[in-house]
Every structure is written in structure tokens, then in C-alpha cells.
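Naming convention: chains lettered A, B, ... in sequence-line order (proteins, then strands); numbering from 1 in each chain. As the structure is a computational prediction, the values presented were derived from the model and not from experiment.
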Protein chains: 2
Amino acid sequence: MATLKDVARAAGLSITQTSRALNDHSDVNEMTRKRVKAVARSMNYQANISARKLVTGRSGMVALVVPQTPELPQNGLFIEGVAGLSAQFSGRGMQFVLHVAGNDRPITEVYQRLIGNGMLDGFVLFSPCDDDPRAAFLRDHGIPFVVHGRIWPDADHAFFDIDNEGILYQTMDHLIGLGHRRIAFINGQPGHGFASARMRGYLRALHDAGLSPDPAIVSEGEMTEARGLLTTIGMCREGAPRPTAIICSDVRLAKGVYRALEALGLSIPGDVSVMAHDDHLPQLRASAFFPALSVTKAPLRDSWKPLTDCLTGLLDGRPLAQLQIVGHHELIIRNSTGPAPAGGD
Amino acid sequence: MATLKDVARAAGLSITQTSRALNDHSDVNEMTRKRVKAVARSMNYQANISARKLVTGRSGMVALVVPQTPELPQNGLFIEGVAGLSAQFSGRGMQFVLHVAGNDRPITEVYQRLIGNGMLDGFVLFSPCDDDPRAAFLRDHGIPFVVHGRIWPDADHAFFDIDNEGILYQTMDHLIGLGHRRIAFINGQPGHGFASARMRGYLRALHDAGLSPDPAIVSEGEMTEARGLLTTIGMCREGAPRPTAIICSDVRLAKGVYRALEALGLSIPGDVSVMAHDDHLPQLRASAFFPALSVTKAPLRDSWKPLTDCLTGLLDGRPLAQLQIVGHHELIIRNSTGPAPAGGD
DNA sequence: CTGTTAGCGCCTTCAA
DNA sequence: TTGAAGGCGCTAACAG
């Protein structure tokens, strides 16, 4: 591989000036710069990243650390994120490092190692939880990072997130407008940032409508079809008043809800309205539902570019205020929501 | 971050000796070594990879380059491979870099850039094709790489592969033993290493059985359910003699074959036997077939460890002969294969 | 505008 | 068994 020294010699210049020319410093003769660049190109010269990193402190490499699980290859967020982020960073001439961490040691130790060897410029964090220890660790050590999501209550970090609280508020607003009073909510795992935010939106909407929450029709847990089915069965058990609408934090949950309602002989939306949030992952399209599923939609795929922008902006020292981005979502009303059945109460 | 100098000072030694102690050189007092290591640990010392790379030439980072496609997140090989390889390399204290390359420039140029900046120790190559230009490029430049699969005819490189030729020969052997004479083969894209190897196995088995190939019942192309369906319809068209058995290079193809045969009113295995090769990806389990699908099985998931071993072995300078590994496969006969129907010819 | 000097953190001669 | 010196390739501060 050609080195800076080689280029300098070929160009008949000092190493320093060659470096400056290549890096577009201002104090270089325009002609010289052009000539040096031509020589460098003809020699296929590329700066050695390790050497540059040693002196500038920047390597152009960022990492995503995810815990190893058997289901990792089925995890839509992981799959889309890895492909999307890698493409984005690659397109910016940076390198994306994926680190699947074993479960034999705490995750912060992995970060410790990864930043300790001084090779990475920053990190992307997935699936933030409340009081996220990873974020705390990185903040305490002054390591740049961007979060896919947000860590409440005071998000003093770069992030790209969607308005999860608003998403649920808006969903509730639609259902309440249709006359629903008893609205169930099947949410994700408690402690996860997005789930907490949606719960806030749910409760706020209830409060604003003068309704009070009923723990019997609020459920938190993994977002699988099976849980959607079982939870729905449980909520529609005899004796208790049945919800007239069900909100799901994920389309997989909604799939289970559909199956449960069908098994129970309840019609959608005649007996029960159903809504869900749709990340627009290819695995389970909202279009696969009959009747067509009303959703709030925020394609996960749209998040990689702004997320990448956030991290590069952070590395470039841009102010935090510009690095806290909330993406858009849409409310799409299809055929799974309708007026609340009469005489519910 | 603590540096070698810090450790040396804390240990009351020279930088040189500290380095030697940490790297287990022979000419260090045993006591000294222990003490230095203890100090280093207590200071959370980690060698700076960039600095080390600069002098030793090794960074402990390897990369996988894949072309950007919209379907990338649905590509089972990509998903499993990325998760598996990253976990393997992480477990060995190395870093796995994923590079999703845009399609705006030739892939060798990407390699050029990636190796040119002197940051990577080696590469993993996926989906090799005959006369693979990437392999040629890396070989010509003396860059270590390992191939998932094999580049024929003379695989003068490190690889982990399965015996694709044997897999098809064995499949054919089973079907021929059941009396089948007209055996269709729905293969993957021509030019891909595994597809070529399987085609060789198919043709050799035909030849050994005294049969001659019929282009009408051999098909090459993408391995989707849709193509399995359409190809089967085409092969069972009136006028031409119908195959009594169909071999698929992938279970997705087999899914389409099943649907086509059902639509045509043909029974499995009464009218047509079906076999497939099963990579054991979670997306479409062979267990989802009725009647249960007979397969050759070689779990993709088992390939990441040996593949990683190959590349690290290569980097450690082990002889090539030890770095060409052929994994095992199983022949699993379930209920989709049976005797050829009488009076076919 | 250009060159000289110094140093990033580490490892590897060489000499003691 | 240990230390001093040199250099990997690059950039930044300081002269000219």
C-alpha cells in the first residue's frame, strides 16, 4: 500500500504539505493541491486509519452492541437496523462494527473493552430501557452515543425517536371519538422506553376523557402473536365487562387478537375494534389482516438515516439540540375500527 | 484511558518491559509478569488497537462485505451469518465489521478501499460464484480471506463448505433406488458455487444410473416459493412426460412445488416424490410441510464457528490444508418420497 | 505557501 | 532479565 511518504516523494513535496493538500487545508497552493491529489489517486493512496486515529482520535468506526440471543436472527429491529445502519455509515465512508455480546459478562464490561482499546468513535444504542445502564456508562465515560428511542425522563442525549406517547394518545383519541369507553391496551415489556411512553399516552388520554384505567384490561409483556391471543381470551372472559376496543403495541399482537376474537365469535369491528402500531416490518404486513387493520404507522426503515445523521453530528460536535430528532408517524384508519357497540355499560 | 506508560510507571518498570510482560514474552521474570498484569488489570488497561496495528500489522478486525439490496433484511444467509459471525469473532476478542456496499461502484473497489486504509486483517466472503472476482482481487493483493462455500475448480483458498455435489448425488441415489427415472431438479441461480456443485452431483448421478439429462425438467433461478410453483406447473404441462420426482435446492422452492402439485391434483409421494435441501433456517421449517418433507439437512447455523476458525487460523499462518473444511450433512427421509408410480415411461 | 520538529501508543531491534 | 532508542503512518504546532 502506498503511504503518505511515497506520495510526498512522487509529488516532490514534504510529507506535511502533502498531508495538508490531501486534507484540504486552506494554506496550500491550489495548483499544488490538485497535483498532489492527482498523484495520490494515481498511486491508489489511502490514509492509514490506524495512524490517523492515533493522532486525531477519530477512526470513523462506530459500533452497535447487542446481546446474544437465540432469536436474534428473527428480531426485526436487529435485522433491519444492522442492514440499514451499515448501509448508512458505509455510504458516509465510515465503518459499522457489529458486536454480538455473549451473556457471560455484563454489557457495560463489553462497552468498557470496546472503548478501552480506543478504536471506536461512538455507539448506537438499541432498545433503551428506563434508567438505561449502558447510556449511563457511556455518558459517564464521555463516549459519544446515539439512542434509537429515548431515555426518559430527561433525555440529555442524542436520539432518534418517534412520538410514542403521542401515538398512543392519538389512537385513544380516535377510539374515544368513536364512543369507546372501555379500551384495552396490550403493550410491550414494561421498562422499555417505547412501552413506557405509550403507557403515558394511554393514561393521559384516559384522564383527559374523564375515564379511569382498569388494570384488568391493561397488559404488558412480549409482543408475540401468542400473547396477543392469550391476553385477549383473558380479557374477554365471562363475568368481567368486555372491552369494546383493543390497542396493540405491535402488529404481531394484533394478529393474536384477531385470532382470539375469531375463536370467541366476536366480530371486528362490530363487537370489538382493534388498532395497532405498525413498524412496517416485512415479516407481518398490516395488509395481511382481514378486516384491514387500522394502525399508527412509523416505518422502522425510515429511522436509520436520521439516526446516522445524529451520531455523525454528535461526532462533529454539533449542539445536542440539533441531535434530538422525533420522526413522523401516520394515523391510518382502515376497517378494524368502528363505533362502540350500543349499551356496553 | 490508561496507557502502557501509565502501567509502566505504576509498576516501576520501563515501558518496554511492561509491554513484554503483558504480551507473555519469554524473557520476563515470572514474578514481574504477574505483578505487571495485576497492575494493568487494576488500572483497566487495554492496549490501543490502532497503535498496535501500526506496528504489528494486526488489528483483530475482520469484515464481511455484502451488496445492498432491498431484500437484504429478508435474506436468511445474511441474517444468520451476521449474527453468527459477529458472535464468534466477538467471543475471540476480535471485531466483526459489516459493510453494506452501495451499488454505485464495483465491489472490488470497496475491498480496495477497505484494505487500503489498513484497518482490517481479513475478510469473509459469502455466496461465491464461479471465477469469483472478489476472491481473485483479494488473492492478488495478498489479503487473507475465507469463503463460505467454495470456488471451483481448484479451491486454493480457505473455506468452509458443505459437500453440495455429494448432497445431490445422495438425493438422486435415494430416488433412483426407489425406481425413479425421470427426476426433475429445481436449482439455484446458475453461476453460484453451491448451485454448480449440486448440478454436477445431479448429472453424475444420472450418468452413473445410465440416464441422460432432460433440459425440460432442469431449472435454474431464484429460490422462491413462487418459482417453485411456476416451474412445477411448467414441468407438469400436458404433452410432455411428467417427472416422477422433483428435487429442490431449497425448502422455499419445495413449498411452491407442494402448492403446485396440490393445485394440479397430484399426490405426494403417490404421483410425485419431492425432496429438498434444508439449510434449517427458521423462516420456513421443513416441519411445516404435509406430508413431511424428505431432505438433506445441513444447518447453516453450524457453519459460523468453523468458518471463524478458518479465518483466524489463516491469520495465524496455519497451512491451507487445515483451513479447507467440509461440514457434515444428513439425509433425512420423511414422507414425501416413495416408489416411482408404475408405468411411468 | 512550505518545511522542520514532535508525538499519538505501541512493539521490536539492540545493547547492557 | 531489563532499559534505551527507533519507527510504524499520520497530523498539528511552530517556524520560515
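- Rounded to whole Å, atom C1' of dG9(C) lies 13 Å from atom CZ of R9(B).
- The OH-C1' distance, from Y45(B) to dG9(C), rounds to 7 Å in whole Å.
- Each of L98(A), V62(A), L307(A) was compared with L85(A) under the side chain to side chain contact (heavy atoms under 4.5 Å, CB included) criterion, and only L307(A) meets it.
- dC10(C) atom C1' lies 16 Å from atom CZ of R58(B), rounded to whole Å.
- Considering only side-chain atoms of L13(A), the nucleotide from dC10(C), dT2(C), dC10(D) that sits closest is dT2(C).
- Residue K53(B) contributes atom NZ, which lies 13 Å from atom P of dC10(D) at whole-angstrom precision.
- A straight line from CE of M1(B) to P of dC10(C) spans 11 Å, rounded to a whole angstrom.
- The interatomic distance linking L54(A) (CG) with dG7(C) (P) rounds to 14 Å, in whole Å.
- Exactly one of F89(A), F96(A), F126(A) qualifies for a ring pair (Phe, Tyr, Trp, His ring centres under 6.0 Å) with W304(A). That residue is F126(A).
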**OP:** Check step by step if salt bridge (Lys or Arg N to Asp or Glu O under 4.0 Å) holds for D316(A) and R58(A).
**Re:** CA-CA 10 Å; D316(A) 290 341; R58(A) 282 193 59 176; 3.1 Å; yes
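- In this model, the phosphate group of dC10(D) is approached by a side-chain N or O of T3(A) to a distance below 4.0 Å at OP1 or OP2.
- Nucleic acid contact for L4(B): sugar-phosphate only, since backbone atoms but no base atoms lie under 4.0 Å from a heavy atom of the residue.
- Near DNA chain D, meaning a heavy atom under 4.0 Å from it, residues 15-34 of chain A has I15(A), T16(A), S19(A), R20(A), N23(A), H25(A) in order of number.
- When the P atom of dG9(C) is taken as reference, atom CE of M119(A) falls 16 Å away, rounded to whole Å.
- Taken over five-pair windows at either terminus, the axes of the helix from dC1(C)-dG16(D) to dA16(C)-dT1(D) are inclined to one another by 40° (rounded to 10 degrees).
- L138(B) is listed as a side-chain neighbour of L125(B), based on a closest heavy-atom distance under 4.5 Å.
- Ring geometry for H148(A) against F160(A) counts as parallel: the plane angle stays under 30°, on a 0 to 90° scale with 60° as the upper cut.
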**OP:** Dump the intermediate steps for side chain to side chain contact (heavy atoms under 4.5 Å, CB included) on L22(A) and T18(A), then the final yes or no.
**Re:** CA-CA 6 Å; L22(A) 258 19; T18(A) 310; 4.2 Å; yes
**OP:** Give the C-alpha distance, both sets of side-chain angles, the deciding distance and a yes or no for salt bridge (Lys or Arg N to Asp or Glu O under 4.0 Å) between D132(B) and R150(B).
**Re:** CA-CA 10 Å; D132(B) 198 293; R150(B) 219 178 318 183; over 6 Å; no
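- Remark: P of dG3(C) and NZ of K5(A) are 16 Å apart, rounded to the nearest angstrom.
- Salt bridge absent: E109(B) and R113(B) never bring a charged side-chain N and a carboxylate O closer than 4.0 Å.
- The shortest distance between side-chain heavy atoms of V65(A) and F123(A) falls below 4.5 Å.
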